Each structure stands twice: as C-alpha cells, then as structure tokens.
Amino acid sequence: MQNIRQIISERVGQVLQSQWGVQLGENAAQVRPSGDTKFGDYQSNCAMGLARQLGLKPRDVAQAIMANLNIADICEPPEIAGPGFINFRLKPEYLTNALDRVPSIPHPPVELATGETLQDRLGMPKSTTRQIIPIDMSSPNLAKEMHVGHLRPTVIGDAVARILEFIGHQVHRLNHVGDWGTQFGMLVQYIRDIPDQWLTDKILGEDELISQLDSTGLDEASLADLIRNMIRTKESPVAVIKIQDLEEFYIRAKDKFDRDPEFAQRARQAVVRLQNHEPEILVTWLAFRSESLEHCHKIYEILTIENLIDRGESFYNEMLPGVVQELLEKGVAVESDGAICVFPSGFKGRDGEPLPLIIRKSDGGFGYATTDLAALKHRITVMHADRIIYVVGNQQKQHFEMLFAALKMIGWKKETDSPDNQIAQAKACGSLTETIHLATGMLLKEDGSPFKTREGGTVKLKDLLNEAVERCRAFLQANEANPEKQRGYSPEQIEHMAKVIGIAAVKYFELSHHYGTDYRFDWEEMLALEGNTAPYMLYAYARIQSILRKSANGGERTTNNERQTTVLTHPAELALAKQLLRFPEIIEQLGSELRPNLLTEYLYDLSKTFSTFYDRKTGVRVVDAENAVARQTRLLLCELTGRALKLGLSLLGIGTLDRM
RNA sequence: GUUCCCGUAGCUCAAUUGGAUAGAGCGUUGGCCUCCGAAGCCAAAGGUUACAGGUUCAACUCCUGUCGGGAACGCCA
C-alpha cells in the first residue's frame, strides 16, 4: 500500500525545490488530509508561509506551484481556495489501481522458519532504517501485586512496541521491575521469621533458582556455586514459598516492620546481607522474586503481553559503584551534605536551591536515580540503543527530565569500551541516543476520584480484568437467552468470546485515550457496542468475515487476477477506498508520535465508513451486487477492510473473532 | 512558596503540533429491518475552546496575566 500523502508531498516538494530552492524534509510541502471533503481529499498549506518568505502573494505562489506540478496521474487538476490552500481530489482510477496492487494473503499462510505465520502487512514496506529501541514498560514493584495503575504503562508500552516492530525496528520490552532495596530485606526477613499460613507448598529447585539469577545481573557463576553448595549441605529443595495473597502479605510484613523495632533492625540487616550475597538470604530473595514474577506473568498472559524481558533494578546493582565513580571522575557529580549528587542546570527545589539527582546517599547506599543512570548506560553502551522509550507515570516527569539532562552532561554514546567491536563502531557513527518519556496520566474512577477500593487500598489489576470478562460473559449469555438475538453458541464459545472481548475492551479503552491525559474508567462506555470501542470494532470485523464466508461458497476467493475488474463508482465505495488507503499515513505518523490513540481513531473511522458502506439504507449490496464487477470490487473492499482492522488491532495487542 | 501539566458541547473524550465552518460517542429529538449480521445506519439540536490581553494572512494550539484543578520539589521508588 502506498502512502498517498507522502507521494503528493514529494511531488509538491519537487516544485518547491526547483522553483525556489526550498530545503525539503520536515514535510515542507505541508500536505495533509483535508478537514472537509468539500475541499477534496488532501491539501497543501505551504503557499502561505512561503509567500511570506519570498515576499509574494500566497495565491500567486499557489498558482506557480500548480503550474509546475506533475500530478495528473493521481489527482484531478488541483484547485486553489481561501488564502492559498491547494486542494487535491484523488482520481477513482488511481484509487482502484492502489487497491489492486495490495498483495493477496497467501493461501495457505506462509510459515516462517521460527514457526510464526508471516504477518499480513497490506503491502506496506518496512522502514529502511532499523533502530534498536529498548522500551521501559510495565515495571511493577515486585513487593506487591500488580494494581490498576500498571495497566497503562503495560498496555501502552506493548502497543508502542508492536507498532515500532511493525515499522521495522528492533524492540526490546524491558520490564524494569522493583526487585531490590529496603523493602526486599523486610520481606525476606519476614518469610524467614514467619512461615505461616501464607506460605504453602511451592518448591523451587536448583535450576529454577539459577535461572532466576540469570535475570538479576548478579555474578551468576560464583553465586550458582554457592547455591549448589548450599543444596548439597542441606536438604533439597532449597526454597519453599507460595504466597496466597501477595498484597496482604506485604501489608503484614510492613505492619510488623513498623511496630516491631527488633524486626525492623533485622530487616535492615537482611538488606546488607542480601547486598553481600549471603546464600541463605539470597535464595529466599530469589524464591520470593520468582513467586512474585509469576503473579505478574499470569496477568501478562491474560493481557497477551509477550516477549517481556524481566530486567529489574537488581540487574544493574553491580554497576552502581562504577557509575558513581565514573561521574565523580568526569566531574559531573559532586559531594553535597555527605551525599554524591549531580546538579543538572535549570532545576530548582523548594527553597530555590539547585535540585540534585542523588546518586549516592550519605549512608553510602544507592537510590533509584543511580539505578536509572546505570540502566541508561547499559542501554546505550551495551545494547547500542538508538532510541530509549520510558512508558512511566507522569508523576516522574521531573525525574526523567533531570535524568536526561544528566545524560547530556555525562555524554554516554553508543560505542562500547572495547574498540574492536565492529557493530558498536558502526553504531557510533550515528546520532546520539534519543530519550523519550511517555508520561502516562492517571486512571480515575467513574466519578473522577482516584482509583481505590472503598477502604482506600489499591485495586488489583487481576480483579479488574476478571470483572471485564465477567461482564462480557453476562452480556453474551443474555443474548443467547434471547430468542431474537441468539446465535446458538456453545458455553465454550461464549467463554472464549468473553475473554477476547473483555480484555480487548479494557485495552482498547485504554489505548483510545491520549496516553498523557487522566481518564475515567467507565464500564458501560468501554463495553458499549456503539462508539469508539473494542466491541464495535470487533463487531465490524465479524460482519466482514461473515460476508466473506458467504461469498466464498465453492472456494471462490478474490485474487489479483480477478481484481483487474475493480471499478469504484458508488460514493460509499470511494469513501471506503480512500479511508483504507490512509493506513500507511497513520503508520508513518505513529513512528514518530508514538500515540496509539491515533491508530484507534483511524480504525474507528474505518469501521464507521465500512458500516455506512454496508448499511441497508445508505450503502451497497455486496454478495448479491448488481453485476460481477460491482460484486468483485465490493468484496475486495470488504477483504481489505477486514485485513486492515485485523492488522490495526493486532498492532494494539488486540485479537479478533470471526464470529461474535 | 517554586516549577510543570491540565481547563474544549449536559457527560466522556478528539482535534494530524499554527490551517479553512473546533470533531466523535453517550444522552436528547426524529427517521430506517419483506433485504448479505439492526450488536447497525441516517438526520437534527447542542460551543465566546475557563477568563482578559498580545503575536499574524490564520490561534484550542505560541507569549503575558488572572481564576480553578492536579502533580513534582534532598537522601522512598
């Protein structure tokens, strides 16, 4: 599929360059879709700005552009309107041609060597530049269970990852979990003190413990020896932890920590013992970490989040002293009130004093700023990241601004310490690593208050997802009980549909809002069959599949050969064709703007255009169309719309149903 | 107190980063099933974009101020 906006932009750009020597790039031609169809399909707004620079009249500039423009293969003769807008109206033959050139889905589907099915790209090419992009996403604290606040960084991060992968980049989904520090000393000590009813049978063997070590960045080889040794001298299995309710467990430990000074003292000692890698403590910590991660991954499974790398704070632990040392040597960090700090310029605190990034506390310990800097260094110098994205709540906005400012002071680049690394050398020729904080807004209850339980506690993400599925199940069951609406689905089918629709509804509702704004979690709105919702989108998709099934009697399919008879005439056909062909423009925009809500908006427009196209009153007949040409044209439109919906939803991490 | 973000239709949200008459959905009102999935479609009403100035061909968007809401601000993450 071709990017029409880009083509027009290039054509206009050529004129700008040849006539006035305008530097291209940055969309100098200012081509965009028209706001109103009466102005055509696309418009160029460059004449006004250019006229000012050249000292000419805007309409004269527009006239000159048109006189030199070679675009008759795509559009009707452009028109000048208003102060100097140039309006373009696409030719139906051009649209027909563009649709015909979209490759068919291979039948049977092509399987890759990896076992995956080749993704339908609707004929959209991959980007020629392939960036390495770590995305810091989800990142729950392993001390507690995941709560509703983790929904946004998880779902948005995954969608951004999928979109960038589709464009052609190499994405690493990094789960920067909180798995280190004071809280974990407390929890580990609590486990060792009180093997109560919270801990039941769950056996963690040697292999599992060592595989856990792998993702912590601790010195795997020597620690593995320690653990093996411990197992030999004691009874295997080594770690027995199964926590019924992680949240409740944390609350109890915290309560004991606050009330019992003696326990608190031992908890603090446990932190030190953990830092020193004492096997007994380390093994308990690994077991707890494993247990907690399992809770998270159950959620990720429900949300169909895959390829997440659990690389938490502990992973960078060994790097921290070196980072502080390096910053001191570079003169970036200084001592202040006993702590080692970086003072990026432009940040002021309560008293107007410069605001520090504390990289070593006065007691010698390291905080999250140090970990974040170490992670930046690792991602830049070891992973060779071209772009680093953080999907993290907007409360941390200032923290990231300071972090990025500190990075500029430090100057880490994509080269590694070893100069013989050729890949690194090649990468180092490129630009500096770009750092982006996608600051997510808050999730609010329907009344606009913060999302808490009646008791003021956090709402577990698991409970919220369960409720979504339950509500869908109830709806589907009610439909089946209604003689007018029932479709004869089995309980198993209903269960499957409830899961797909329920999770899709939550994710889609999330993604259809701008990531930065606070939004209200409204069940009715989210599960509504009208409006910009997952159920509406899935319904449109299911209808299309139904049409294609009906048309496919006798194994008939649209193929490239048949498509040569495609002719667009009816306004509904033209509208749908134009909408379909905007897909590449949205993908292009997403590559730089990282805003999944642009995609939801597009998909909603597309489904709406389809509903109008297919409507009894306003639309056209498809399967039983007036003639063979109309039938084939319309079936092609249906097929492509279905594929676009499926592809678009898949880029958001949302599945589809052939029936619902 | 300082800094940053936000304020758009009755409600929930958009607005392609300065472009033409600010768009959707819900709700309200009125139409459309002899027909491929009506879980749908069409139409109407609804706005001084918090307020006051400014910048320019053009401002929801940029600048200044006011009011209202939120967040961050030295050893928690």
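It should be emphasised that the depicted structure is a prediction, and the values quoted were computed from it without experimental measurement. In the text below, chain A, chain B and the rest are named by the order of the sequence lines, each starting its count at 1.
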Enquirer: Using a 4.0 Å heavy-atom cut-off, does A:Pro58 contact any base of the nucleic acid, only the sugar-phosphate backbone, or nothing at all?
Expert: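 Answer is nothing: A:Pro58 stays at 4.0 Å or more from every strand.
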Enquirer: I'd like to check, for A:Tyr539, whether its ring lies over the base of B:rG37 with centroids under 5.5 Å apart and a plane angle smaller than 30°.
Expert: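 According to the criterion (under 5.5 Å, under 30°), no, A:Tyr539 does not stack.
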Enquirer: May I ask you to say what A:Asp624 touches in the nucleic acid, namely base, sugar-phosphate or nothing, with a heavy-atom cut-off under 4.0 Å?
Expert: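 Base contact.
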Enquirer: Do the side chain of A:Tyr368 and the base of B:rA77 come within less than 3.5 angstrom through a donor-acceptor pair of N or O atoms?
Expert: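 Donor-acceptor pair under 3.5 Å: yes.
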Enquirer: Is A:Ala369 touching bases, backbone alone, or none of the nucleic acid, heavy atoms closer than 4.0 Å?
Expert: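 Nothing, no heavy atom under 4.0 Å.
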Enquirer: Can you tell whether the side chains of A:Glu510 and A:Arg152 come within less than 4.0 Å, N to carboxylate O?
Expert: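 Yes, charged N to carboxylate O under 4.0 Å.
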Enquirer: Taking any heavy-atom pair under 4.0 Å as a contact, classify A:Glu593: base, sugar-phosphate, or nothing.
Expert: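 A:Glu593: base contact, heavy atoms under 4.0 Å.
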Enquirer: Any donor-acceptor pair under 3.5 Å between the side chain of A:Gln43 and the base of B:rA20?
Expert: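 Counting by modelled atom types and ignoring angles, a donor-acceptor contact under 3.5 Å is found here.
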Enquirer: Out of B:rA14, B:rG40, B:rG74, which nucleotide sits closest to the side chain of A:His513?
Expert: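 Among B:rA14, B:rG40, B:rG74, the one nearest the side chain of A:His513 is B:rA14.
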Enquirer: Could you check A:Asn532 against A:Tyr508 for side chain to side chain donor-acceptor pair (under 3.5 Å), going step by step and ending with a plain yes or no?
Expert: CA-CA 9 Å; A:Asn532 190 5; A:Tyr508 192 92; 2.6 Å; yes
Enquirer: Please pick, from B:rA72, B:rU56, B:rU16, the nucleotide with the shortest atom-to-atom distance to any side-chain atom of A:Gln398.
Expert: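 It is B:rA72.
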Enquirer: Quick one: classify the glycosidic conformation of B:rU17 as syn or anti, with syn meaning within 90° of 0.
Expert: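 With its glycosidic angle within 90° of zero, B:rU17 counts as syn.
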Enquirer: Rounded to the nearest 0.5 Å, what separation is found between the CZ atom of A:Arg520 and the CD atom of A:Glu446?
Expert: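 Going from CZ on A:Arg520 over to CD on A:Glu446, the span is 9.5 Å.
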Enquirer: If you assign each of A:Asn87 and A:Arg659 to its closest nucleotide in RNA chain B, which residue comes earlier from the 5' end?
Expert: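 Closer to the 5' end of RNA chain B: A:Asn87.
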Enquirer: Compare side-chain N and O positions of A:Lys617 against OP1 and OP2 of B:rA43 and report whether any pair is under 4.0 Å apart.
Expert: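 For B:rA43, neither OP1 nor OP2 has a side-chain N or O of A:Lys617 closer than 4.0 Å.
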Enquirer: Is the glycosidic torsion of B:rC60 within 90° of 0, making it syn, or is it anti?
Expert: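 Base orientation relative to the sugar is anti.
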Enquirer: Quick one: the side chain of A:Arg543 and the base of B:rA39, do they pair up donor-acceptor inside 3.5 Å?
Expert: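 Side chain to base: no pair below 3.5 Å.
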Enquirer: Have a look at A:Ser546 and say if it touches a base, only the backbone sugar-phosphate, or nothing, with a 4.0 Å heavy-atom cut-off.
Expert: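 Base, at least one base heavy atom under 4.0 Å.
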Enquirer: OP1 or OP2 of B:rA72 less than 4.0 angstrom from a side-chain nitrogen or oxygen of A:Arg350, does that happen here?
Expert: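 Result: no.
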Enquirer: Could you check which nucleotide pairs with B:rA43 in any of the strands shown, counting Watson-Crick or G-U wobble with both distances under 3.5 Å?
Expert: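 Result: B:rU29.
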Enquirer: Who is the Watson-Crick or G-U wobble partner of B:rU56, with both distances under 3.5 Å?
Expert: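 By the stated definition (distances under 3.5 Å), nothing pairs with B:rU56.
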Enquirer: Counting side-chain heavy atoms from C-beta on, which of B:rU16, B:rA77, B:rG40 comes nearest to A:Gln396?
Expert: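 Ranking B:rU16, B:rA77, B:rG40 by closest atom to the A:Gln396 side chain puts B:rA77 first.
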Enquirer: Starting the side chain at C-beta, find the nucleotide from B:rU17, B:rG1, B:rG37 nearest to A:Arg595.
Expert: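 Given the options B:rU17, B:rG1, B:rG37, the side chain of A:Arg595 is closest to B:rU17.
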Enquirer: So which nucleotide does B:rA22 pair with, by the Watson-Crick or G-U wobble rule with both distances under 3.5 Å?
Expert: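 Pair assignment: B:rA22 / none.
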Enquirer: Please compare A:Gly35 and A:Asn532 by the position of their nearest nucleotide in RNA chain B and report the one closer to 5'.
Expert: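 This one resolves to A:Gly35.
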Enquirer: Quick check, are the ring centers of A:Phe451 and A:Phe521 under 6.0 angstrom apart?
Expert: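 Close enough - the centres of the two rings lie under 6.0 Å apart.
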Enquirer: Taking 4.0 Å as the cut-off, does a side-chain nitrogen or oxygen of A:Tyr536 come that near to OP1 or OP2 on B:rG37?
Expert: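 No, outside the criterion.
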Enquirer: When the ring planes of A:Phe400 and A:Tyr390 are compared, do they come out parallel, tilted or perpendicular, using 30° and 60° as the limits?
Expert: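 A:Phe400 vs A:Tyr390 ring planes: tilted.
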Enquirer: Tell me whether the side-chain N/O atoms of A:Thr517 come closer than 4.0 Å to OP1 or OP2 in B:rA14.
Expert: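 Yes, within the criterion.
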Enquirer: I'd like to know if A:Ser336 reaches the base of B:rG74 with its side chain, counting only an N/O donor and acceptor under 3.5 Å.
Expert: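 When only heavy-atom distances are counted, A:Ser336 does reach the base of B:rG74 through a donor-acceptor pair under 3.5 Å.
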Enquirer: Taking the side chain of A:Ala339 as its heavy atoms from C-beta onward, which of B:rA71, B:rG74, B:rG37 lies nearest to it?
Expert: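 Of B:rA71, B:rG74, B:rG37, B:rG74 is nearest to the side chain of A:Ala339.
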Enquirer: To the closest 0.5 Å, what do you measure between CG (A:Leu320) and CH2 (A:Trp180)?
Expert: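 One finds 10.0 Å between CG of A:Leu320 and CH2 of A:Trp180.
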Enquirer: If pairing requires Watson-Crick or G-U wobble contacts with both distances under 3.5 Å, which nucleotide is the partner of B:rU17?
Expert: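 Check on B:rU17: unpaired, no WC or wobble geometry under 3.5 Å.
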Enquirer: Can you tell me which nucleotide in B:rA39, B:rC75, B:rC13 comes closest to the side chain of A:Leu529?
Expert: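 Taking heavy atoms from C-beta onward, the closest nucleotide is B:rA39.
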Enquirer: Taking atom P in both B:rC13 and B:rU8, what distance in whole Å separates the two?
Expert: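 Here B:rC13 and B:rU8 have their P atoms 10 Å from each other.
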Enquirer: Taking pairing as Watson-Crick or G-U wobble with both contacts under 3.5 Å, can you name the mate of B:rA71, or confirm there isn't one?
Expert: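 Its partner is B:rU3 (Watson-Crick or G-U wobble, both distances under 3.5 Å).
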Enquirer: Considering every strand shown, what is the Watson-Crick or G-U wobble mate of B:rA38 when both distances are under 3.5 Å?
Expert: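 No nucleotide pairs with B:rA38.
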Enquirer: Taking atom types as they are modelled, is there a donor-acceptor pair under 3.5 Å from the base of B:rA77 to the side chain of A:Asp372?
Expert: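 Looking at the base of B:rA77, it does not pair with any donor or acceptor on the side chain of A:Asp372 (distance under 3.5 Å).
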Enquirer: Has A:Lys397 got a side-chain N or O lying under 4.0 Å from the OP1 or OP2 atom of B:rU3?
Expert: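 It does not, given that no N or O in the side chain of A:Lys397 lies less than 4.0 Å from OP1 or OP2 of B:rU3.
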Enquirer: Using atom CG of A:Leu357 as one end and atom C1' of B:rA77 as the other, report the distance to the nearest whole Å.
Expert: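 The answer, rounded to whole Å, is 13 Å.
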Enquirer: Does the ring of A:Tyr519 lie flat against the base of B:rC13, closer than 5.5 Å centre to centre with planes under 30°?
Expert: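 According to the criterion (under 5.5 Å, under 30°), no, A:Tyr519 does not stack.
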Enquirer: Name the nucleic acid region contacted by A:Met660, choosing base, sugar-phosphate or nothing; use a 4.0 angstrom heavy-atom cut-off, strictly under.
Expert: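 Base contact - A:Met660 has a heavy atom under 4.0 Å of at least one base atom.
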Enquirer: Nearest to the A:Thr612 side chain among B:rA39, B:rG74, B:rC41, which nucleotide is it?
Expert: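 Comparing B:rA39, B:rG74, B:rC41 against the side chain of A:Thr612, the answer is B:rC41.
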Enquirer: Does a distance-only test, which skips hydrogens and angles, find a donor-acceptor pair under 3.5 Å between the side chain of A:Arg487 and the base of B:rG37?
Expert: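 Looking at the base of B:rG37, it does pair with a donor or acceptor on the side chain of A:Arg487 (distance under 3.5 Å).
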Enquirer: The side chain of A:Tyr604 is closest to which nucleotide in this list: B:rG25, B:rG37, B:rG19?
Expert: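 Per side-chain heavy atoms of A:Tyr604, the pick is B:rG25.
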Enquirer: Classify A:His514 by what it touches in the nucleic acid, base, sugar-phosphate, or nothing, heavy-atom distance under 4.0 Å.
Expert: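 Here A:His514 touches the backbone only, sparing every base.
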Enquirer: Hey, would you say the A:Tyr368 and A:His176 ring centroids sit under 6.0 Å apart?
Expert: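 Ring centres of A:His176 and A:Tyr368 not closer than 6.0 Å.
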Enquirer: Contact class for A:Asp337 vs. all strands (heavy atom < 4.0 Å): base, sugar-phosphate, or nothing?
Expert: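 Base contact.
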Enquirer: Check every atom of B:rC57, B:rA38, B:rC75 against the side chain of A:Pro83 and return the nucleotide holding the closest atom.
Expert: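 Output: B:rC57.
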Enquirer: Hey, does A:Gly367 reach any base, or is it just sugar-phosphate, or nothing, if we go heavy atoms under 4.0 Å?
Expert: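 Touches sugar-phosphate only.
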Enquirer: Taking all atoms of both residues into account, what is the closest heavy-atom pair of A:Glu480 and A:Ile494, and its distance?
Expert: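 Shortest heavy-atom separation between A:Glu480 and A:Ile494 comes out as CG-CD1, 3.5 Å.
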Enquirer: Looking at B:rC32, I'd like to know if its phosphate oxygens (OP1 or OP2) sit under 4.0 Å from a side-chain N or O belonging to A:Arg616.
Expert: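 No, no such contact exists.
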Enquirer: Stacking between A:Phe85 and the base of B:rG19 (centre distance under 5.5 Å, interplanar angle under 30°)?
Expert: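 No, the aromatic ring of A:Phe85 does not stack with the base.
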Enquirer: Assign the ring pair A:Phe509 / A:His513 to parallel, tilted or perpendicular, where the plane angle (0 to 90°) is split at 30° and 60°.
Expert: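 Ring orientation of A:Phe509 relative to A:His513: perpendicular.
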Enquirer: Could you work out which one of B:rA15, B:rG27, B:rA71 sits closest to the side chain of A:Glu530?
Expert: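 Per side-chain heavy atoms of A:Glu530, the pick is B:rG27.
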Enquirer: Any donor and acceptor pair, going by atom type alone, linking the side chain of A:Glu247 with main-chain N or O of A:Glu145 inside 3.5 Å?
Expert: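 Side chain of A:Glu247 to backbone of A:Glu145, a donor-acceptor pair under 3.5 Å: yes, one is there.
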Enquirer: What is the nucleic acid contact for A:Asn479, judged by heavy atoms within less than 4.0 Å: base, sugar-phosphate only, or nothing?
Expert: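 Answer is base: heavy atoms of A:Asn479 come under 4.0 Å of a base.
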Enquirer: Give one of base, sugar-phosphate or nothing for A:Val342, where a contact means two heavy atoms less than 4.0 Å apart.
Expert: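 Nothing, no heavy atom under 4.0 Å.
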Enquirer: Could you give the distance separating B:rG69 and B:rA15 at their P atoms, to the nearest angstrom?
Expert: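 B:rA15 and B:rG69 have their P atoms separated by 26 Å.
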Enquirer: Which part of the nucleic acid, if any, lies within reach of A:Leu355 when heavy atoms closer than 4.0 Å are counted: base, sugar-phosphate only, or nothing?
Expert: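 The answer is sugar-phosphate, as A:Leu355 gets under 4.0 Å only of primed atoms, P, OP1 or OP2.
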Enquirer: So which nucleotide does B:rC51 pair with, by the Watson-Crick or G-U wobble rule with both distances under 3.5 Å?
Expert: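 Its partner is B:rG65.
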Enquirer: Taking OP1 and OP2 of B:rU12, is either one under 4.0 Å from a side-chain nitrogen or oxygen of A:Arg520?
Expert: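 For B:rU12, OP1/OP2 do have a side-chain N/O of A:Arg520 under 4.0 Å.
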